[in-house]
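A short worksheet on the structure shown next.
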Amino acid sequence: MDDPEHPASIMNDELARQLTPAQTKAVFHIDGPLLVIAGPGSGKTRVITYRIAALIDAGIRPHNICAITFTNKAASEMRQRTIALGTAPGAHISTFHSLCVTILRRYADKAAIQPNFSIYDDSDQTKCIKQAIKDCELDTANFPPSRCLDTVSALKNSLIDPDSFKNNADDFFSKTLAKVYMRYQHILAERNGLDFDDLLMKAAFLLRDNPDVCSELGNRFRFLLIDEYQDTNHAQYKIAKALVSSHNNICVTGDPDQSIYRWRGADIRNILAFENDWPNAAVVKLEENFRSRPEILRIADALIAQNKNRKPKKLIPVKPPAANITIAASEDESQEAQTVVQQVKDLTGRGAALNDIAVFYRVNAQSRALEEAFIRGQIPYQIVRGVEFYNRKEIRDILAYLKALVNPDDEIALLRIINTPARGIGKTTTDAVRAYAASNNIGFFDALKKAGDIDSLSKAPKAKIAVFVNMLEQFKTHLTDPVAALAERVFIDSGLKDLLQAGGEEDKDAVENIYGFISKAAQYDRQTENPTLLDYLQQISLFTDVDAYDTSADRVALMTLHSAKGLEFENVFIVGLEEGLLPHERSDTDNEDELEEERRLFFVGITRAESNLFISYARYRTIRGQLNRAIPSRFLYELGEDFTNRNVENQCCYDDAESQEIQHQALEKGDLVRHDSFGLGTVREFIDMGEDSIAVVKFNTGQTKSIMLKYANLSKI
DNA sequence: CATAGCCGCCTTTTT
DNA sequence: GGCGGCTATG
């Protein structure tokens, strides 16, 4: 579909002729707000790319264009494509988070932060929130760190700062949580760290409180384009609104049916209410689908039509019919994986390339069984996962060294490296230094420098600390060296390399990984105009493995349904279509909104497929080491009458003897029931499918389960 | 102060 | 079945 080799610029007639009328309108309607409602496979990304080119062709300087994508990968692809269209480079194309880093660094003083901030990831955040809970003298049993973090994250995404949260807290729990939030922010500030949500919140507050910054940025970015607008949260919405307040040249594209990040604060109302926010907005709908065969679109359509809370939208196929859709049942997850591998072999036998094949699943844990099957079947694959690479111990170690050089207040980084490799500086010593830092109101690194003055320390640890401090100071004299050179110096001179080389086979991989890291840094040094260590560290904090996913490598891609957004494949497998997995049990299926989001997730998966779609579920699945009986997902029955009858039920061959014995029993919502192992519960939902009927029961243990009546002995009371 | 071994916790999805 | 954190031991 794309034509990156075309040498001409966008205004070239021939290129313009490749666009549909709707696409043409979206590309060339240049002034004022524009909403592009674009279904899956409608060439949305292509439209944005052409639009950037069209703006430049119309005389807008690339420098004045800002495009926001959902992932770094999408950003770098878009950069390449605009250049391939023959337009000048220089447009700012990045994610919201990267844009905020840029803004916060430039206006650090006005945002009341230091520009050399560290970006705190998940595990750093967990450490800080645990500290905060402890400082507030609370028990982690009543205030679990993960719950607290989730709440804090939601507050930040809604732009509620600790003070206003505290002022509005009226019950005991909120008041206590307000203290934790306050303390957590205080700890981050002390360490000169920002978490992911801070990047958005601080940028939003900066723009809110500084009209001059707002208009300066409005001048800089005279055209703002936002992709995947259905997944913006409140903070991002406010940032966008502030950025265009002086000119209203905003163009957003998205699809409400593909909104799958509600749990992260995404607010689908942002796209639904776009025309209220910008009343003179032009609206373009892209409903033609250039990606999938009509059979695939038909079941996608039938599925998504089950969502009540949506604006109806058709998927109009352009390709002729020729799809293969299969629903297969397996005994368990390893057999399911084996079936996938077998099917992959069939496909490649018929000439399919491995990178035309993808396998999607709901949770990362499902990748294990698949991985084993692919290894056994000797089929090259790549798992596209969140932050695998940067989460490795050795990478975190070297990163901690580099972070500590840039941001001496980063206590987490310093504590990580102070005794790695072992320098005889243990907990007793570091506790004494921390106490000294706290009582003298200085940073951890300053306290280390003054370790000689700490009375509670004896001579030996003082000397060891001095050696450590000298080493870091020595590294700091090389701060302006190329990042790769500095990273290698640190790796060798810190003793990390010797430590790893003395180790076993696993540590050999670790050395390899660090050299992989160094060559990535070298690539950064080469490709960046003004490379600095600070910039590099802040950039890679926002980088995930998904961004490193190599679409051209001849390997089957394995990823979660969430990661699949924006991608397309000739052949798609979706595994684990079971109650509890898709829809996931952690999403409250009583809550219509959450159930609908799970349905959209399945919809996103289906609409990635061009021609061949394989859907599968297992009758048994091992979850956390426990073998569980699985029930086919309710979504399978929503794929359309003819399709469901022909495929699901015929393939659901339950031949267990016990199924004969249990007679069909009708239940109703509200019925009190007893289960052999879960005890008493209340029926929340009853899906009557004859002998395949399913009851969704909320048990008194607190858990909600979907029970297939013919398997479980569920008696009505 | 370092290390090994054990206990208990959690596990949706990601920038 | 995996990891972080704690404890007991050297």
Side-chain angles (χ1 to χ4, degrees), chain A residues 68-75 94-101 119-123 125-127 130 134 140-141 144-147 149-150 153 156-157 194-201 203 228 231-233 235-236 259-266 360-369 384-388 390-391 393 418-432 458 460-461 464 538-547 559-566 576 580-589 594 597-598 600-602 604-605 622-627:
Chain A
I68 295 175
T69 56
F70 194 73
T71 62
N72 287 300
K73 174 162 183 66
S94 76
T95 62
F96 256 113
H97 286 82
S98 298
L99 175 67
C100 290
V101 168
I119 298 174
Y120 275 13
D121 69 10
D122 251 19
S123 73
Q125 285 181 53
T126 306
K127 284 187 187 127
K130 278 182 182 165
K134 203 174 143 199
T140 48
S146 59
R147 283 264 326 267
L149 269 182
D150 281 352
S153 170
K156 289 182 176 179
N157 287 156
L194 300 183
D195 65 21
F196 288 127
D197 304 311
D198 279 334
L199 297 174
L200 301 176
M201 182 173 77
E228 309 283 10
D231 279 322
T232 49
N233 61 33
Q236 291 165 329
S259 166
I260 53 176
Y261 283 91
R262 212 177 86 101
W263 51 274
R264 205 171 85 182
F360 305 148
Y361 36 81
R362 178 64 176 85
V363 300
N364 282 307
Q366 287 173 264
S367 67
R368 175 174 300 272
V384 182
R385 197 187 326 226
V387 284
E388 200 82 322
Y390 295 104
N391 255 342
K393 185 184 162 299
I418 196 166
N419 206 28
T420 308
R423 302 188 171 87
I425 306 175
K427 194 169 181 304
T428 322
T429 310
T430 53
D431 279 351
S458 56
K464 288 168 180 166
Q538 291 183 340
Q539 273 197 29
I540 61 170
S541 301
L542 300 173
F543 221 78
T544 67
D545 275 12
V546 181
D547 303 316
M559 68 187 85
T560 63
L561 286 159
H562 282 91
S563 302
K565 177 155 99 160
L581 207 48
L582 187 62
H584 197 274
E585 60 181 346
R586 286 289 292 252
S587 76
D588 180 2
T589 45
E594 292 190 18
E597 175 138 324
E598 295 287 309
R600 287 195 292 269
L601 201 47
F602 188 25
V604 166
T622 307
I623 296 166
R624 259 172 279 163
Q626 282 269 311
L627 186 69

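Order of the sequence lines fixes the chain letters, A, B, ..., with proteins taken first and strands second; residue numbering starts at 1 for each chain.
- Listed nucleotides: B/dC1, B/dT11, C/dG4. Nearest to the side chain of A/S146: B/dT11.
- Side-chain proximity of A/T71 to the nucleotides B/dT15, C/dG2, C/dG4 is greatest for B/dT15.
- A/I425 comes within 4.0 angstrom of the backbone, heavy atoms only, and of no base.
- If you check every strand for non-hydrogen atoms under 4.0 Å, A/Y261 touches sugar and phosphate atoms only.
- Between A/H584 and A/W263, the distance separating the two ring centers is not shorter than 6.0 angstrom.
- Rounded to whole Å, the distance from CD on A/E594 to C1' on B/dT13 is 12 Å.
- Separating the CD1 atom of A/I68 from the P atom of B/dT15 is a distance of 16 Å, rounded to the nearest angstrom.
- Of the candidates B/dC1, C/dG2, B/dT15, B/dC1 carries the atom nearest the A/T429 side chain, counting heavy atoms from C-beta on.
- The aromatic rings of A/Y261 and A/F70 are tilted relative to each other, their planes meeting at an angle between 30° and 60°.
- Distances were taken from every side-chain heavy atom of A/A422 (C-beta onward) to each of B/dA2, B/dT15, B/dT13; the shortest belongs to B/dA2.
- The separation between A/H562 atom NE2 and B/dT15 atom P is 11 Å, rounded to whole Å.
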Quiz prompt | Residues A/I418, A/T429; criterion side chain to side chain contact (heavy atoms under 4.5 Å, CB included); working and verdict | solution = CA-CA 11 Å; A/I418 196 166; A/T429 310; over 6 Å; no
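- If you measure from atom CG of A/L149 to atom C1' of B/dT15, you get 15 Å, rounded to the nearest angstrom.
- DNA chain B is contacted by both A/T428 and A/T95; A/T428 maps to the nucleotide lying nearer its 5′ end (nearest heavy atom per residue).
- Screening A/D150, A/D197, A/D198 for a salt bridge (Lys or Arg N to Asp or Glu O under 4.0 Å) with A/K156, the sole residue that qualifies is A/D198.
- Side-chain N/O atoms of A/T560 include one lying less than 4.0 angstrom from OP1 or OP2 on B/dT14.
- Closest to the side chain of A/K130, from the set C/dG4, B/dT15, B/dT13, is C/dG4.
- Side chain of A/Q538 to main chain of A/V101: no donor-acceptor pair is present (N/O by atom type, distance under 3.5 Å, no hydrogens or angles).
- A/W263 qualifies as a stacking partner of the B/dT13 base, centre to centre under 5.5 Å and near-parallel within 30°.
- Of the two residues contacting DNA chain B, namely A/E598 and A/P461, the nearest-nucleotide position lying further toward the 5' end is that of A/P461.
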